[in-house]
Structure formats: C-alpha cells, structure tokens
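One structure is given below, encoded as structure tokens.
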Amino acid sequence: MWLNKIKNPMLFQGNNKSKGYFEGWYYKQISEDEKKVISFIPGISLFNNDVHCFVQYIFVSLDDYKKKTIKTGYVKYSLKDFKISNSPFRLQIGENIFTESMISIKLLDEDLHIEGKLKLGSLTPIKRSILSPNIMGCFAYIPKMECYHGIVSMNHIVNGMIKINEEEIDINNGKGYIEKDWGNSFPKKYIWIQANNFENINTSIFCSIADIPFMSKSFMGYICNLVVDGREYRFATYNNSKLKIESITNEKISILLENNKETLRIEANIKEAGELIAPEQGKMQKIIKEEVLGEVKIHLYNNQNSTVYEDTCFVGGIEIVGF
C-alpha cells in the first residue's frame, strides 16, 4: 500500500489524523482560445484548532482588448465533508467531486457562484522506475520531508462548461494539467513553472526549484520535466543535472539546466498574479502569488550547442516565492 501510494501521487497520501499536515490536488484548465484559465485546488488541512478541508480556486480571463480579470477564493468545509476513495480515486468535498476523468464543481463563495462539469481526456503521466517512483526520484522514499510533490498529468484534453455567476466559460477542447503536494509546509523559498499550451500541442513542461530542509541543514533542490512529442527530458538534483539561475526578479526569471546530453534554458515572465493561500506547518495561512497567464519560453540544445527545440507558451503557471 505504501509503495503503491508513492508510485501514484493522485492517491490520498494522508490519514485524516496527522497533525500539522496538509494535502492538496491542483487541477488546471485552459480554454482552447487561451483567454480563460481556471484552476481548482481541493485539499485538507489538519492543524490543531483549524482542522478543515477546502476548495481553492483561481480564475483568470482576458477580454478582446487583452484586459485581465483575476478572481481567487478559498472555500472552507468541515472535515466531515471530506470523502476520499483511492480505488478508484474519487475525492468529494461538499458537493464538489474530483476524479482522474472528471470534475463536478459547485462552489458558493461570497459574491461568486461557480458550477459546472468537466470531462478529462487521457492523462499523461511521467516516466517512472524503481529509483524514481515519482517526480521526486529517490527523495520520494525519504520519510518526514517538509513537502512532497507529485505529477499526475503533464498534459490532457478537457471538455465541458463552467458557469461563473452568469458567465458561461467554454472549456471544450481545452488543455488540462494535474499535480499534487503534501506534507507540513511549502518551502520558504521556491520557484514553480508549468506550461502545456505551446505551439506544438504535444509539448509540456514542469519545473520546480526549492530550498529543502534536510538533516538539520538545507539544500537547493530542483526538478524539471520536459515532454516533446512523447520524449521526456528530465533535469533533477537526483540525476546529477546542473542548475544555474541566470537572472531573477519578482517578475522575470531565466534558468539554465544541464544533464549529460542536453541543456535547457527556461525564461518565464509574470504579468499580473493572483493571490492564493499555501500551507505553513499544516495551517493554510501563507499568502503566495500565482500567475496563470505567464509567458514561458523554452530553448533545448544538445551539448554540442546546436538547437534541438524552441517554443513559447503564453498561458504558463509561474510562482516566485522568497527570492
């Protein structure tokens, strides 16, 4: 059971009893015209006198004049509203249901009412092995780490409609992405980049760089997974890749990653971010900012310096925290 959970991060990793613990699923959906992005984050927070489950959301839209509207929210539920099954996977929080093939949402948040159903196409999991059972590689086996991460789907098709108040959001033939986090806290310092709406529809990328506490010290760990037409390029601490942060501000970042065969440069630009709530010692209280309509450029070279692949996404997810 323990090994099955490690290999399948979509599954509930917790037990509803651990104190100072959080777990959250991240479902991102992008409309075909790339003008609407809505992400749902269902999860659970087990912290002393504030034990609850929740559905967090961020909705960003562009009008015909490229004016951006951002709406975010955090809807709390009693722990008794958290219902989970791992075989098959099904998470229900209140009237909201999340599985590997669909989302049924019914959220009432102050002046915002979100309701609809989405069908998820075939998911694109990452490649795994005994040494790398999930995106964390060998670190997946180490107990009591501050934060664990999992990639459920790098890229998939989404179909359906979401109604936000009186506005109908068409997600038919849209794109989706799913990931997971669990543990007790987000890193105090991290970079997160995700994109799967490139000119090549079969390209997707995930990159995370974080300060990781380990045995009373800390180190800068990193994971990057690039998929192009079914071929996966992995750059990570655990496979002896190299990382260089070439430049960084609150709005822009340039990263260089290198393994034995390839070098990857990622350039990410934040335009306007929305506020979300992240865990700190299991308590959902840390304010972070996430851009979901960011520009992400990738340049892949072989190590003889000839260009292998270049592409750009204009609806990338970007977070820069603590740098």
> So with a 6.0 Å cut-off around NZ of Lys289, is the heavy-atom count from everything else above 12?
Replying inline: no
>> I'd like to know if the side chain of Glu280 pairs up with that of Gln285 as donor and acceptor (distance under 3.5 Å, no hydrogens or angles considered).
In response: yes
> Any idea which heavy atoms bring Phe22 and Cys147 closest together, and the distance?
Replying inline: CZ-SG, 4.0 Å
> Which atom names give the shortest non-hydrogen contact between Asn197 and Val315, and what distance separates them?
Replying inline: CB-CG2, 3.3 Å
>> I'd like to check the salt bridge (Lys or Arg N to Asp or Glu O under 4.0 Å) partners of Glu232; sequence neighbours left out, ordered by chain and number.
In response: Arg234
> Do the ring centers of Tyr27 and Phe98 come within less than 6.0 Å of each other?
Replying inline: yes
> How close do Ile318 and Gly294 get, heavy atom to heavy atom, and via which atoms?
Replying inline: CD1-CA, 3.9 Å
>> Is a donor from one side chain sitting under 3.5 angstrom from an acceptor on the other, for Tyr21 and Glu23?
In response: yes
> What closest approach, in Å, do Thr124 and Asn155 show between heavy atoms, and which atom pair accounts for it?
Replying inline: OG1-O, 2.6 Å
> Which atom pair, heavy atoms only, marks the closest approach of Ile93 to Cys53?
Replying inline: CG2-SG, 3.7 Å
>> Assess, by modelled atom type and distance only, whether the side chains of Asn303 and Thr263 contain a donor and an acceptor separated by less than 3.5 Å.
In response: yes
>> So if I apply the ring-ring contact (aromatic ring centres under 6.0 Å, His included) rule between Tyr26 and each of Phe206, Phe40, Trp192, which one comes out positive?
In response: Trp192
> With no hydrogens and no angle check, do the side chains of Tyr77 and Asn96 hold a donor and an acceptor under 3.5 Å apart?
Replying inline: yes
> Does a donor on one side chain sit under 3.5 Å from an acceptor on the other, for Asp311 and Asn200?
Replying inline: no
>> Looking only at the aromatic ring of each residue, does the gap between the centers of Tyr222 and Tyr190 stay below 6.0 angstrom?
In response: no
Would you mind writing out the side-chain donor-acceptor pairs for residues 104-116 within the sub-3.5 Å range, not counting sequence neighbours?
| unit_1 | atom_1 | unit_2 | atom_2 | d |
| --- | --- | --- | --- | --- |
| Asp109 | OD2 | Tyr57 | OH | 2.6 |
| His113 | NE2 | Glu115 | OE1 | 3.3 |

> Looking at CE of Met220 and CG of Asp211, how far apart are the two atoms once the value is rounded to the nearest 0.5 Å?
Replying inline: 5.0 Å
> Going hydrophobic residue to hydrophobic residue with side-chain gaps under 4.5 angstrom, can you get from Met102 over to Met10?
Replying inline: no
> With the threshold set at 4.0 Å, does a side-chain nitrogen-carboxylate oxygen contact exist between Lys36 and Glu167?
Replying inline: yes
> Is Lys35 salt-bridged to Asp63, cutoff N-O under 4.0 Å?
Replying inline: no
>> Assess whether a salt bridge exists between Glu146 and Lys188, defined as any Lys/Arg side-chain N lying under 4.0 Å from an Asp/Glu carboxylate O.
In response: no
>> Closer than 4.0 angstrom, basic N to acidic O: yes or no for Glu291 and Lys252?
In response: no
>> Hydrophobic clustering (ILVMFWY, side-chain heavy atoms < 4.5 Å, transitive) - are Val227 and Ile298 grouped together?
In response: no
>> If only side-chain N and O atoms count, and only distance matters, is there a donor-acceptor pair under 3.5 Å linking Glu32 with Asn173?
In response: yes
> In the single-linkage hydrophobic clustering (I, L, V, M, F, W, Y; side-chain heavy atoms under 4.5 Å), do Ile84 and Ile41 co-cluster?
Replying inline: yes
> If you group Ile, Leu, Val, Met, Phe, Trp and Tyr by side-chain heavy-atom gaps below 4.5 Å, do Ile135 and Ile205 land in one group?
Replying inline: no
> Less than 4.0 Å between a side-chain N and a carboxylate O, is that true for Glu34 and Lys175?
Replying inline: no
> Phe314 and Leu226: same hydrophobic cluster, using ILVMFWY side-chain contacts below 4.5 Å?
Replying inline: no
>> Looking at every heavy atom in both Ile320 and Thr249, which two are closest together, and how far apart are they?
In response: CD1-O, 3.5 Å
